[in-house]
There are 2 protein chains.
Amino acid sequence: MLSKDSNWVSCGQTCLERSEIRSYMVTLKDIAERVGRSVTTVSRALADCSDVNKETAERIKEVAAQLGYVPNTLAKRLQKQSTDTIGIVVHPASRGYPEPFFSEFLAGIGEKATHYGYDLLVTYAQEEHQMDTYRQLVEGRRVDGFILYRTLRDDPRANYLHSLNFPFASFGQVESIDRYSYIDEDGEYAMQLIVNHLVAMGHTRIGCICPSLEIMHAYIRYNGLVKSLAAHGLELEAALVREGYFDQKDGYEQALVLLNQPTPPTAIVGFNDMIAFGAINAAKTLGLHVGKEFAVTGFDNSMMAAYYRPPLTTISQPIFKIGGKLLEMLIQSLKDKEHEPSQLLLRPQLIIRESTQSL
Amino acid sequence: MLSKDSNWVSCGQTCLERSEIRSYMVTLKDIAERVGRSVTTVSRALADCSDVNKETAERIKEVAAQLGYVPNTLAKRLQKQSTDTIGIVVHPASRGYPEPFFSEFLAGIGEKATHYGYDLLVTYAQEEHQMDTYRQLVEGRRVDGFILYRTLRDDPRANYLHSLNFPFASFGQVESIDRYSYIDEDGEYAMQLIVNHLVAMGHTRIGCICPSLEIMHAYIRYNGLVKSLAAHGLELEAALVREGYFDQKDGYEQALVLLNQPTPPTAIVGFNDMIAFGAINAAKTLGLHVGKEFAVTGFDNSMMAAYYRPPLTTISQPIFKIGGKLLEMLIQSLKDKEHEPSQLLLRPQLIIRESTQSL
DNA sequence: TCGGTTATCCAAAACGTTTTGGATTGATTA
DNA sequence: TAATCAATCCAAAACGTTTTGGATAACCGA
């Protein structure tokens, strides 16, 4: 193993040299002096401008390479008055394991950002200081645009940015503004898929565990659920609806409440996979045979879904791709300020597994 | 719901005003003109320097607040020649669900970074361009320091940064350099805990599924495993060692290989939780009663561990805290270049659950 | 010969800060 | 009275780019 990168391993002399190179930062001025041209010319040569002699340009590039010149990002950005940086403010709920969704989403954004030469600035703010964080980033000109996610129906972040005409793109719609860029999954359609499937399996007594309806996703899915049930002549009984946020613990506890009722549901629709896992565990605890006599569905198709016992029937969303596409939409609007906002509604897919079988 | 943040909701006039404020960026010069003082004085007043008259300073601050002045971050950084930014280059394996570890680690780093006023620059590079990415960030002066994780025994990133004397702190040790800041868990001790427990449960035929031994963590744990087994007069048979990277699929497949041998192990030590989950599934597939006649252990105590069926015996590491502490160590060394590197070896904890019971 | 191109170059301004090295004033001290 | 000191202020330089608005010289066609 030592052979790999061995030039770095026992570096007595090498290190010193490198260290000197670093402490002496090469600037345009250095190159200019060395070549005997002005800073202007050097800058233009490196930018491949047409008004510099070919030979001069070559010589300049040669010297630049030889000196190991790398432009100073800060200086460039100050001059250009743009940061080439996209900001994302992390939601408090995305901080731990509970939300496997987030790391994939971030990766989708990050890979595209790197690809297009943008930096990704990730900020963690406490919920109560969330708006201050946005304001600081905007007014300190630290980012060129934002990615938003987990939107609310009336979303203060979106409202703020929209009012400033500050670029952003969001995963999830917002009711309180219009003309903005977003991607969303068709939650209503997703619920239709789920309900159709459950009904086909013989379920009529269907409950759900969902987060606050202030969250846009939840609201859309909830309405979709009600509507789809109605299409089958079924009703979503108030007693069969429980609020639970996002983690297994909530799913477990709320499912227990539902299942301990006099006439419990035969199926529970979890609004995300973690909730569904919790519900499965609750049912197991009560000795139910999950999949047969009691069904559970999730939402997200997280990796665990396929491996859980029983494997979870859930809705698949291409989170990684959504992140990437969102970033592309944002960059689009950064490059062309007049560009019409793009809006994308994705068709989700139902992944049927063993957690839902015929009654 | 509309009452909350209603100042943003129906903003006809408000929006315009805001928008004007933004397009007209307030600078020190603006304040200076308004107050009738020089830019220098304004700058010094806002920095609470002692050589500006109290009344003047107050007046300046008043006007600054009134105009909504926020310093231009780029200009400040260019002048100060520091970026106040910490970089983290994401390992390709951390991109999806498979590694719940990552989002918690990142959150630990990010929250502290925000707390100390540092930006967190998250970069996604393809593995083959990894070193280029580091070089660009270093030489373009885009970050003041790095957080490294998932170190190799001979780690090119650490070697590079170390040779340049560029600040970094890593989660995991590196063999190829010394005198650097790191946090690591005591993997040898962790394995001792696991082996002692398994032996106490009556296991003598113990196998393992571990990642490449080039990875420092894996190497340490592997050696710890061998040593701990030896302490009980046991040997780690070559046939009972399989390489698997990090996900359930690997765990599943490699566990099948182990279990289909003529004399299969009665316990499998997974080098992380995902591997362990896969192994559990494999055993279930073969009809084994996991926990009773066959034991599995994990490493990380990811959230799923407690909820898996059976719940997983595993090693607990405070990943979130480690991230935060790492960032603090890094900032420490940024502020005091001469500061001795700190090195922290954590005592891991064994969380015993039902996946390991008496034979 | 002259006006008009073209090719090549550059000084200076600009981006918005912080810092350096005084300058000015008025009061205090020797 | 002159020297010293403290308080208050600021012009200019610096950070390292990019861009603006020419300048210069050589060449071309009429």
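Worth saying up front: this structure is predicted, and the values here are computed from it rather than measured. Heavy atoms only: backbone and side chains are in, while hydrogens, waters and symmetry mates are out. Lettering follows sequence order; numbering is per chain, from 1.
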When you measure from the side-chain N and O atoms of [X] to the phosphate of [N], is any distance below 4.0 Å, counting only OP1 and OP2?
X: B/K80; N: C/dT19; value: yes
X: A/R37; N: C/dC9; value: yes
X: B/K29; N: C/dC15; value: no
X: A/T27; N: D/dG16; value: no
X: A/Q81; N: C/dA14; value: no

Next item on the list: Taking B/H162 for its side chain and B/D178 for its backbone only, find out whether a donor-acceptor pair lies under 3.5 Å.
Entry: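 It does hold such a pair.
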Rounded interatomic separation in angstrom, taking [atom1] from [X] and [atom2] from [N]:
X: B/Q79; N: C/dT19; atom1: CD; atom2: P; answer: 6 Å
X: A/D51; N: D/dG21; atom1: CG; atom2: P; answer: 15 Å
X: A/L78; N: D/dT18; atom1: CG; atom2: P; answer: 12 Å
X: B/R77; N: C/dC15; atom1: CZ; atom2: C1'; answer: 16 Å
X: A/D48; N: D/dT19; atom1: CG; atom2: P; answer: 14 Å
X: A/R142; N: C/dG16; atom1: CZ; atom2: P; answer: 17 Å
X: B/I31; N: C/dG16; atom1: CD1; atom2: P; answer: 13 Å
X: A/L46; N: D/dG16; atom1: CG; atom2: C1'; answer: 13 Å

Notebook entry, point to check: Is the NZ or CZ atom of A/R135 both under 6.0 Å from the centre of the six-membered ring of A/Y160 and within 45° of that ring's axis?
Noted result: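 That pair qualifies as a cation-pi contact.
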State, with a plain yes or no, whether a side-chain heavy atom of [X] is found less than 4.5 Å away from one of [Y].
X: A/L120; Y: A/L106; answer: yes
X: A/V90; Y: A/F102; answer: yes
X: B/L46; Y: B/L28; answer: yes
X: B/R141; Y: A/L74; answer: no

Note to self: At 10 degrees resolution, what angle do the end axes of the helix from C/dT1-D/dA30 to C/dA30-D/dT1 form when each is taken over five base pairs?
What the structure shows: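 Rounded value for the end-axis angle: 60°.
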Margin query: Expected output is a numbered-order residue list: members of residues 52-62 of chain A with a heavy atom under 4.0 Å from any atom of DNA chain D. What is it?
Written below: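 Of all residues in residues 52-62 of chain A, none places a heavy atom under 4.0 Å from DNA chain D.
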Next item on the list: Answer yes or no: is there an ion pair linking A/R77 with A/D144, defined by an N-O contact shorter than 4.0 Å?
Entry: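 Looking at A/R77 and A/D144, the cut-off is not met.
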Checklist line | Centroid-centroid distance, A/F105 to A/Y149, less than 6.0 Å | finding: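 Distance test on ring centres: under 6.0 Å, yes.
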Check: Less than 6.0 Å separating the ring centroids of B/F171 and B/Y182?
Finding: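 Centroid separation for B/F171 and B/Y182: 6.0 Å or greater.
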Next item on the list: Check if the side chain of A/S50 and the base of C/dA7 share a donor-acceptor pair of N or O atoms closer than 3.5 Å.
Entry: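 Checked by distance alone, the answer is no.
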Margin query: Any donor-acceptor pair, under 3.5 Å, between the side chain of A/S38 and the base of C/dA11, if you only look at N and O atoms?
Written below: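 Looking at the base of C/dA11, it does not pair with any donor or acceptor on the side chain of A/S38 (distance under 3.5 Å).
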Item checked: Earlier contact from the 5' end, DNA chain C, for A/R44 and B/V39 ->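 Closer to the 5' end of DNA chain C: A/R44.
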Next item on the list: Identify, between A/L74 and B/T40, the residue whose nearest nucleotide on DNA chain D lies closer to the 5' end.
Entry: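 The residue closer to the strand's 5' end, by nearest nucleotide, is B/T40.
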Notebook entry, point to check: Is atom CD of A/E55 surrounded by more than 12 heavy atoms (other residues, nucleotides or ligands) closer than 6.0 Å?
Noted result: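 Counting neighbours around CD of A/E55, 12 or fewer heavy atoms of other residues, nucleotides or ligands fall under 6.0 Å, so no.
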